[in-house]
Protein chains: 2
Amino acid sequence: MKSLKKRSLESKGWKVGSAREFLNLSDEEVAYVELKLALSKNLQEYRREKKLTQEELARRLKSSQSRIAKMEAGDPSVSLDLLVRSLLALGASRKHLAQMLS
Amino acid sequence: MKSLKKRSLESKGWKVGSAREFLNLSDEEVAYVELKLALSKNLQEYRREKKLTQEELARRLKSSQSRIAKMEAGDPSVSLDLLVRSLLALGASRKHLAQMLS
DNA sequence: ATATGATATGTCATTTTTGACATAGAGTCA
DNA sequence: TGACTCTATGTCAAAAATGACATATCATAT
């Protein structure tokens, strides 16, 4: 694992395999976190494209503005589930999601 | 929404927008569920390709055999997070995940 | 300057997801 | 037959994610 990337993730509050379990699963953990961050980024772009405020999107999802903000900020407390459901609520298709990944 | 598809999802124990909220958000909900089911399917194939038992995969993930079984069965109690982490643990790349979606 | 609208951040009780466990089915082999 | 391996299914306490709320920050317009 690249120390640099790890450092940058930790700075956002993520726990990236802390010191002792520094091998094996770490790569997958990092891939997972990066995947979520990629979706976060796309979520914000998507929402702005649609000219929606966080509050409006929250209402559609029956969620809350603060949760949307945390999602877009890449907060570790938000699940992939919510990210994906948000993107779908914004009209993203599975094809779109696929493009965000690759 | 196609009644047929809805019926088939409900039969697996999924709650697909029950009767009154039969419009609007339903499509996204269905897309979300189908997405999970697609990953479930791929998970089982992937695991078998790798010649791993559910228990072995569970150990890698620090999860349990029963959870893996539920994932592969498309049980509504499992999150996208766990599905994706499982696929990553099996060596799937983001590109692979993308292909599963599109 | 200050009011207004959007976004960020922290906290917390409630809900959902989790791993663990028990146990049941289903297949194979001696 | 029974022993063995793998998978399915149900339950539940513990852990994680959630929406709601308060409040802070940051523009930008008046």
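So that the names make sense, note that chain A is the first sequence line, chain B the second, and so on, each numbered from 1.
A/S86 approaches A/L43 most closely through the heavy-atom pair CB-CD1, 3.9 Å. In terms of heavy-atom proximity, A/R60 sits nearest to A/A89 at NH1-O, 3.4 Å. Contact between B/L57 and B/R47 at its shortest, heavy atoms only, is CD2-CD, 4.0 Å.
Overall, the helix from C/dA1-D/dT30 to C/dA30-D/dT1 carries an axis bend of 30° between its ends, with five pairs at each end and the value rounded to 10°.
Residues that satisfy the side-chain hydrogen bond (donor to acceptor under 3.5 Å, both in side chains) test with B/Q44, not counting sequence neighbours, are B/E72. Applying the salt bridge (Lys or Arg N to Asp or Glu O under 4.0 Å) rule to B/E56 yields no partners; only residues at least two apart in sequence or on another chain are considered.
When the C1' atom of C/dT9 is taken as reference, atom CD of A/E55 falls 16 Å away, rounded to whole Å. A straight line from CE of B/M71 to P of C/dT18 spans 8 Å, rounded to a whole angstrom. The nearest whole Å value for the distance from the CD1 atom in A/I68 to the P atom in C/dT7 is 10 Å. In this structure, B/D75 atom CG and C/dG19 atom C1' are separated by 14 Å, rounded to whole Å.
Interatomic distance, CG of A/L90 versus CG of A/L61, reported as 7.5 Å (0.5 Å rounding). To the nearest 0.5 Å, atom CG of residue A/D81 and atom CG of residue B/L82 are 10.0 Å apart. Note that OG of B/S79 and CZ of B/R85 are 7.0 Å apart. Values are rounded to the nearest 0.5 Å. Remark: A/L88 CG to B/D27 CG distance equals 10.5 Å, nearest 0.5 Å. Here the CD1 atom belonging to A/I68 is positioned 3.5 Å from the CE atom belonging to A/M71, to the nearest 0.5 angstrom. Considering OG of A/S64 and CD of A/Q54, their distance stands at 10.0 Å, rounded to 0.5 Å.
Contacts of residues 38-53 of chain A with DNA chain C (heavy atom under 4.0 Å): A/R47, A/T53.
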Using a cut-off of 4.0 Å between protein heavy atoms and nucleotide atoms, how would you tag nucleotides 15-30 of chain D 5' to 3' with B, S and -? --SBBBB---------
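Screening A/L87, A/L35, A/V84 for a side-chain contact (heavy atoms from CB on, under 4.5 Å) involving A/M100 leaves a single residue, A/L87.
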Sub-3.5 Å pairs of nitrogen or oxygen atoms, protein against nucleotides 14-16 of chain C:
none

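Between the side chain of B/K36 and the main chain of B/V78, a donor-acceptor pair closer than 3.5 Å is present.
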